S.K.: 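Right, I'll just put the structure down here and ask away after.
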Number of protein chains: 2
Amino acid sequence: MEFKHQSTVTLAEVAQAAGVGESTVSRVLRNHGSFSGRTRERVMAAVERLGYVPNRIAGTLASTGSRLVAFVIPSLSNIVFSDVLRGASAVLEENRYQAVFSVTDYDPGKEEALATAMLAWRPAAVMLAGYEHTDGTMKMLRASGCRVVELLDLDGDALDIAVGFSNRAAGRESAAFLLRRGYRRIGYVGHDLDRDTRAGKRFSSFCDTLDANGTPLIAREIVAGASSVENGKQGLERLLARATDLDAVYFSNDDMALGGYFHCLAQGIAIPSQLAIFGYNGLDIGRAIPQPLSTIRTPRVTTGQIAAELVIANAPPQAIDLGFELIEGATA
Amino acid sequence: MEFKHQSTVTLAEVAQAAGVGESTVSRVLRNHGSFSGRTRERVMAAVERLGYVPNRIAGTLASTGSRLVAFVIPSLSNIVFSDVLRGASAVLEENRYQAVFSVTDYDPGKEEALATAMLAWRPAAVMLAGYEHTDGTMKMLRASGCRVVELLDLDGDALDIAVGFSNRAAGRESAAFLLRRGYRRIGYVGHDLDRDTRAGKRFSSFCDTLDANGTPLIAREIVAGASSVENGKQGLERLLARATDLDAVYFSNDDMALGGYFHCLAQGIAIPSQLAIFGYNGLDIGRAIPQPLSTIRTPRVTTGQIAAELVIANAPPQAIDLGFELIEGATA
DNA sequence: TTGAAAGCGCTAACAG
DNA sequence: CTGTTAGCGCTTTCAA
C-alpha cells in the first residue's frame with residue numbers, strides 16, 4: 001500500500017497566489033534566468049505563506065537530469081562502506097544532491113538486480129565497490145549512459161571513473177614490512193575471500209611477495225562468514241592449533257586482527273615477541289588498544305569525497321589512486 | 001553540471017515494438033490488471049530486446065505515490081545508525097522500496113534543512129532518530145502528510161510511528177544492576193550529551209536511580225566530541241586522576257567503555273575487582289575482548305526492520321517498544 | 001522581464 | 001482483455 005499525498009501545494013498555486021506565471025516562479029526558485037527584484041519578493045512571500053515544497057520528482061522528470069546519486073554497496077556492517085558513504089554524503093549534501101543506496105550482501109547477482117533497480121531512478125551516477133561485476137551488470141551500466149564510479153579498488157579496468165587504492169600493493173607492502181622486520185614463519189587468517197575480492201587480492205599479492213623472498217606462507221585459516229572480531233579470534237586459535245611455530249600472522253583486516261590480538265591477550269601470548277600481528281584498514285580502535293595495531297590505513301572517507309566531487313563536476317573518465325599509509329604500530 | 005540521459009528506451013517504444021498499447025505494457029510490467037498470456041510474452045520479448053528500464057521518476061509522478069523511504073540520521077560513524085539502516089534496507093529492498101538518506105551530524109538545524117530537502121522527493125515515509133526535533137521540522141513533517149517514523153527512542157510523544165526502546169529504562173536498569181552487584185562509588189564517562197540526547201536520557205535516569213538509593217554519582221567526566229574508543233580511554237584516565245576511589249564507571253556507550261577497558265588493561269587496573277565497567281549498545285566486539293563487556297544490548301537491526309515493515313504496511317500510528325537485554329558480562 | 005504552451009515518461013480511468 | 005486519453009508537477013523553449 002503506497003502513500004497518497006494529500007493537499008500538496010503546487011507551483012501553479014504559488015504562481016496564482018503571487019500573481020505571476022508558473023515559469024516565473026520556477027525561474028525565481030531555481031535562481032535561473034531573469035526576473036525583477038519585486039517579482040522575486042512576491043514569489044518568495046507566496047512560497048513562504050503557502051509552505052510550498054518543490055516536487056523534485058516532477059522537476060527531475062521535466063529536466064531529464066537528476067541529482068540522485070546511487071550507491072550499491074556490499075555491506076553496511078563493514079565500516080569500510082559506511083566510511084565511504086559518509087565522505088560522499090557530506091559532499092553531496094552540500095551540493096544539493098541526494099544519496100540513494102542499496103546493499104548487495106556481497107552477492108554479484110543481487111548487485112545486478114539492485115543496480116538495475118537503481119537505474120530506474122535515473123541517477124546522475126552509480127557508485128559501486130570494486131571491479132568484480134557480472135557481465136550483465138557491466139553491460140547494463142554501460143548502456144545506461146549514466147556515470148559509473150568504482151570504489152576502493154584500482155586493480156582492474158575502470159568502466160568510467162575509479163577512486164581508491166591498490167589492494168595488491170597493500171598486500172605486497174604488508175608482506176615486505178613483515179619480512180623487513182625479520183619475520184619468516186608467517187601465517188594468514190582470513191574470511192570468505194570469494195565474496196570479498198579485495199581481501200582476496202591483498203592475500204594473493206601478500207603470498208607472492210613471500211614466495212619471491214623464498215619464505216612462503218606456512219599456514220592459513222579461512223573462517224566461514226564475514227569478517228568480525230569474533231571470527232578473527234577463533235581463526236587465530238584454530239591456526240595456532242595446527243601451526244605452532246609461526247612468528248607472525250597476517251589478517252584479512254583489522255576486525256579480524258583485533259580478534260587475534262584479543263586471543264593472544266587472553267592466552268598470554270606475548271605480542272610481538274612471541275607472535276606478530278598485522279591487519280588492514282587502520283580503524284581508530286586499533287590505536288586505542290594497549291599496543292597499537294600494526295596495519296595499513298586506507299583513505300576511505302576521502303575516497304567517498306573525491307568520488308562525489310568527480311561526479312558533481314562531471315569529470316572525464318579517470319582512475320584516481322589515493323594510496324594508503326603503513327602504520328608500524330606495536331604488534332609487528 | 002547534471003547528467004543528460006541519452007538514448008533511453010521509453011515505454012512508448014516498447015509498446016510500439018510489441019504492437020500493443022502503452023497501458024498494456026504498463027499493466028504487464030506492473031503485473032496489475034488483466035492481459036493475455038500471449039500479450040505478456042510479446043511485451044516481455046520487446047522489453048528484453050530493447051533493454052528497457054522503466055523510469056520510476058515518471059512512474060512516481062504519474063501515480064502520486066512513491067516507494068522512496070527517506071532516512072535522516074545523525075551520523076554514519078556511529079554503528080547504531082548503520083545497524084538501523086541495515087535492518088531497514090533489507091526489508092525495503094525485498095519490497096522494491098528504495099532507501100534514501102542524509103546525515104545531520106547531530107545538528108537539529110541541519111536536520112530541518114535535510115528533512116525539507118527529503119520531502120521534495122515525496123517519500124512514502126521519513127525516518128528520524130529520536131524525538132528531539134526543531135519546531136520547524138515538526139511542523140513541516142506534520143504538514144507534509146507523509147508518514148514519519150521516530151527511531152531508537154520511546155521517551156517522548158511520537159508524531160506518528162515510533163520504534164525503539166526506552167533510553168530512560170536502560171539508564172535505570174544499568175544503575176540498578178551496578179547497585180545489585182554491590183557497587184556504591186560510581187562514576188560516569190560520557191561524550192557530548194547535548195547532541196546525543198538519547199545518551200543524555202540514559203545518564204539522567206541512571207543518576208536518578210543512584211540518588212534514590214542514597215548513593216549518588218561521585219564524579220563524571222564529559223569528553224568533547226563524539227563517542228569513540230580513544231575518547232573513552234582518555235575520559236577514564238582523566239576521571240581517575242580526580243576520583244581515585246571509584247569502584248565502578250558507567251560509560252555513555254560501548255565504544256567509550258571499550259576505551260575505558262583498554263585503559264585499565266594498559267594501566268594494570270584489575271577488572272572488575274578494582275574497577276567495574278558498564279557500557280551500552282551490546283556491540284559484538286564487546287564479547288570478543290578477554291573479559292566480555294557488561295552492557296545493555298539494544299535491538300538496532302530489528303528496529304530498522306520493524307520500522308520498514310510498518311511503513312510498507314501503511315500501519316496506523318503507534319509506538320513499538322522492542323526492549324533491550326542486559327548482558328552481565330565480566331566487567332561489572 | 002515575463003507568460004503560454006508543449007512536453008518529460010508514465011499511470012489510471014474509461015470506453016470498447 | 002485492450003487502446004485512448006488525460007493528466008502528475010515541473011522545466012523549457014519561444015514569443016511577446
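Everything numeric here is computed off the predicted structure, so don't read it as measured data. What's counted below: heavy atoms across the whole structure, side chains too, no hydrogens, waters or symmetry copies. Just so we're on the same page: letters track the sequence lines, and every chain starts at 1.
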S.K.: Given 3.5 Å as the limit, does a donor-acceptor pair link the side chain of Q318(B) with the main chain of P316(B), or not?
M.R.: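 It does hold such a pair.
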S.K.: When rounded to the nearest 0.5 angstrom, what is the spacing between CG in D153(A) and NZ in K201(A)?
M.R.: 3.5 Å
S.K.: Within the pair R40(A) and dT1(C), is there a side-chain N or O less than 4.0 Å away from OP1 or OP2?
M.R.: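 Answer no for this pair, as no side-chain N or O of R40(A) is under 4.0 Å from OP1 or OP2.
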S.K.: To the nearest angstrom, how far is R38(B) atom CZ from dC1(D) atom P?
M.R.: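 Rounding to the nearest Å, CZ of R38(B) and P of dC1(D) are 13 Å apart.
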S.K.: Counting heavy atoms from C-beta on, name the nucleotide in dT1(C), dT2(D), dC10(C) closest to the side chain of Y52(B).
M.R.: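 Closest nucleotide among those given: dC10(C).
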S.K.: Please give, in whole Å, the distance from dT2(C) C1' to H32(A) NE2?
M.R.: 15 Å
S.K.: To the nearest Å, give me how far apart CD1 (I57(A)) and C1' (dC10(D)) are.
M.R.: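 Nearest whole value for this atom pair: 12 Å.
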S.K.: Take S26(A) and L61(B), find for each the nucleotide of DNA chain D with the closest heavy atom, and name the residue whose nucleotide sits nearer the 5' end.
M.R.: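 The answer here is L61(B).
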S.K.: Decide yes or no on side-chain contact (heavy atoms from CB on, under 4.5 Å) for F101(B) and L85(A), but give the supporting numbers first.
M.R.: CA-CA 10 Å; F101(B) 75 94; L85(A) 280 185; 4.0 Å; yes
S.K.: I want to verify a distance call: between dC10(C), dT1(C), dT11(C), whose nearest atom is closest to the T10(B) side chain?
M.R.: dC10(C)
S.K.: Using whole Å, report how far CG of N31(A) lies from P of dT12(D).
M.R.: 14 Å
S.K.: Measure from CZ on F35(A) to P on dG3(C) and round the result to the nearest Å.
M.R.: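 Between P of dG3(C) and CZ of F35(A): 13 Å.
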S.K.: Would you mind telling me which of dT12(D), dT11(C), dG3(C) lies closest to the side-chain atoms of V20(A)?
M.R.: dG3(C)
S.K.: Is any side-chain N or O of S34(A) closer than 4.0 Å to OP1 or OP2 of dT1(C)?
M.R.: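 True: S34(A) side-chain N/O within range (under 4.0 Å) of dT1(C) OP1/OP2.
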S.K.: Can you measure R67(A) atom CZ to dT11(D) atom P for me and round it to whole angstrom units?
M.R.: 12 Å
S.K.: In terms of the nearest nucleotide of DNA chain D, which residue is placed more toward the 5' end: E22(B) or R27(A)?
M.R.: E22(B)
S.K.: Under a plain distance cut-off of 3.5 Å, with no hydrogens placed, do S26(B) and R30(B) share a side-chain donor-acceptor pair?
M.R.: yes
S.K.: Which of these nucleotides, dC10(D), dT11(C), dC1(D), is closest to any side-chain atom of S63(B)?
M.R.: dT11(C)
S.K.: Side-chain donor or acceptor of S23(B) under 3.5 Å from a matching atom on the base of dG3(D)?
M.R.: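 Answer yes: a donor N or O sits under 3.5 Å from an acceptor.
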S.K.: Sub-3.5 Å donor-acceptor pair from the side chain of T116(A) to the main-chain atoms of E112(A), do we have one?
M.R.: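 Yes, the answer is positive, given that a donor and an acceptor are paired below the 3.5 Å cut-off.
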S.K.: Ignoring hydrogens and angles, does a donor from either the side chain of T39(A) or the base of dT2(C) sit under 3.5 Å from an acceptor on the other?
M.R.: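 No such pair is found, so the answer is no.
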S.K.: For the base of dG9(C), is there a side-chain donor-acceptor partner from R122(A) under 3.5 Å away?
M.R.: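 Between dG9(C) and R122(A), which were checked side chain against base, a qualifying N/O pair under 3.5 Å is absent.
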